[in-house]
Amino acid sequence: MKICITSDHRGFELKQKLLNHLKNKYDITDLGPYTADMVDYTKYAFIIGENVRNQKYDFGIAICGTGIGISIACNKVKGIRCAKVNTKEEAILTRQDNDANIIALDAKKDIKSAIELVESFVNTEFSNIERHKRRVEEIKKYEDGEYSDQ
């Protein structure tokens, strides 16, 4: 399993801790930033989004101060379904029901919680239940300008 990870300056410390933990278990790539100097999360959201969309990685992990801004920016990349999660249940359900491909975390998460969320996310399969497949397809059609509620 190939995973990529990114953050802004506020998420840098948690990103480094996650990298240290996950590198022994997964093929994980740091997409930056590489220092804690101030950066805009948007740049890194677009980088991770494009890498996941282009299937260079199976999943992405994105971290910013609240997890909200980076998730919004990730979701502007066509083909990305990024979910900002707070609980293990949300991490599991966003994979099962939404086939999310990037998880967004807030920088204030303790490392134990962050690991639990990421592990739950990457180790959960999409359910392939018809109603969930239909909804994901509707999202894809909307992105392609082909959606109609008629």
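Note that the structure is a prediction, hence the values are computed from the model and not measured. These values consider heavy atoms only, across backbone and side chains, with no hydrogens, waters or symmetry-generated copies. The first residue of the sequence shown is numbered 1, and numbering continues consecutively from there.
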Engineer: Please evaluate residues Phe121 and Val85 with respect to the criterion side chain to side chain contact (heavy atoms under 4.5 Å, CB included), reporting the C-alpha separation (whole Å), side-chain torsions for both, the decisive distance (0.1 Å), and the verdict.
Structural biologist: CA-CA 10 Å; Phe121 182 84; Val85 301; 5.6 Å; no
Engineer: Taking atom types as modelled, is there a side-chain donor on Tyr142 or Glu137 under 3.5 Å from an acceptor on the other?
Structural biologist: no
Engineer: Do Glu116 and Lys112 meet the salt-bridge criterion of a basic N to acidic O distance under 4.0 Å?
Structural biologist: no
Engineer: Tell me the closest heavy-atom pair linking Asn101 and Gly79, and the distance in Å.
Structural biologist: ND2-O, 3.1 Å
Engineer: To the nearest 0.5 Å, tell me how far Met1 CE sits from Lys25 NZ.
Structural biologist: 10.0 Å
Engineer: Could you tell me which non-hydrogen atom of Ala104 sits nearest to which non-hydrogen atom of Ile70, and how far apart they are?
Structural biologist: CB-CG2, 4.2 Å
Engineer: With Leu22 as reference, evaluate Asp27, Ile61, Val122, Ile3 under the side chain to side chain contact (heavy atoms under 4.5 Å, CB included) test and give the passing residue.
Structural biologist: Ile61
Engineer: Which one of Ile111, Val118, Leu117 satisfies the side chain to side chain contact (heavy atoms under 4.5 Å, CB included) criterion with Ile115?
Structural biologist: Ile111
Engineer: Under a 3.5 Å cutoff, is there a donor and acceptor pairing between the side chains of Asn54 and Glu50?
Structural biologist: no
Engineer: Rounded at 0.5 Å granularity, tell me how far CD1 in Ile48 sits from CD1 in Ile5.
Structural biologist: 7.5 Å
Engineer: Please assess Lys109 against Asp106 for the test salt bridge (Lys or Arg N to Asp or Glu O under 4.0 Å), listing each intermediate value before the final yes or no.
Structural biologist: CA-CA 6 Å; Lys109 282 271 179 270; Asp106 68 85; 3.4 Å; yes
Engineer: Show the nearest heavy-atom pair for residues Gly11 and Asp8, with the distance to one decimal.
Structural biologist: N-OD1, 2.9 Å
Engineer: Tell me whether Asp99 is salt-bridged to Arg95, with the criterion being a basic N under 4.0 Å from an acidic carboxylate O.
Structural biologist: yes
Engineer: Looking at Tyr34 and Asp30, would you say the former's side chain and the latter's main chain have a donor-acceptor pair under 3.5 Å?
Structural biologist: yes
Engineer: Looking at Arg10 and Gly65, what are the two nearest heavy atoms and their distance?
Structural biologist: CZ-CA, 3.5 Å
Engineer: Under 3.5 Å, side chain of Ser71 to main-chain N/O of Ile68, donor-acceptor pair present?
Structural biologist: yes
Engineer: What's the shortest heavy-atom distance between Tyr26 and Asn123, and which atoms?
Structural biologist: OH-ND2, 3.2 Å
Engineer: Under the criterion salt bridge (Lys or Arg N to Asp or Glu O under 4.0 Å), I'd like the reasoning laid out for Asp144 against Lys78: C-alpha separation, chi angles, the key distance, then a yes or no.
Structural biologist: CA-CA 9 Å; Asp144 290 336; Lys78 182 179 175 180; 2.5 Å; yes
Engineer: Indicate the atoms forming the closest heavy-atom contact of Ala36 with His9, along with that distance.
Structural biologist: O-CB, 3.4 Å
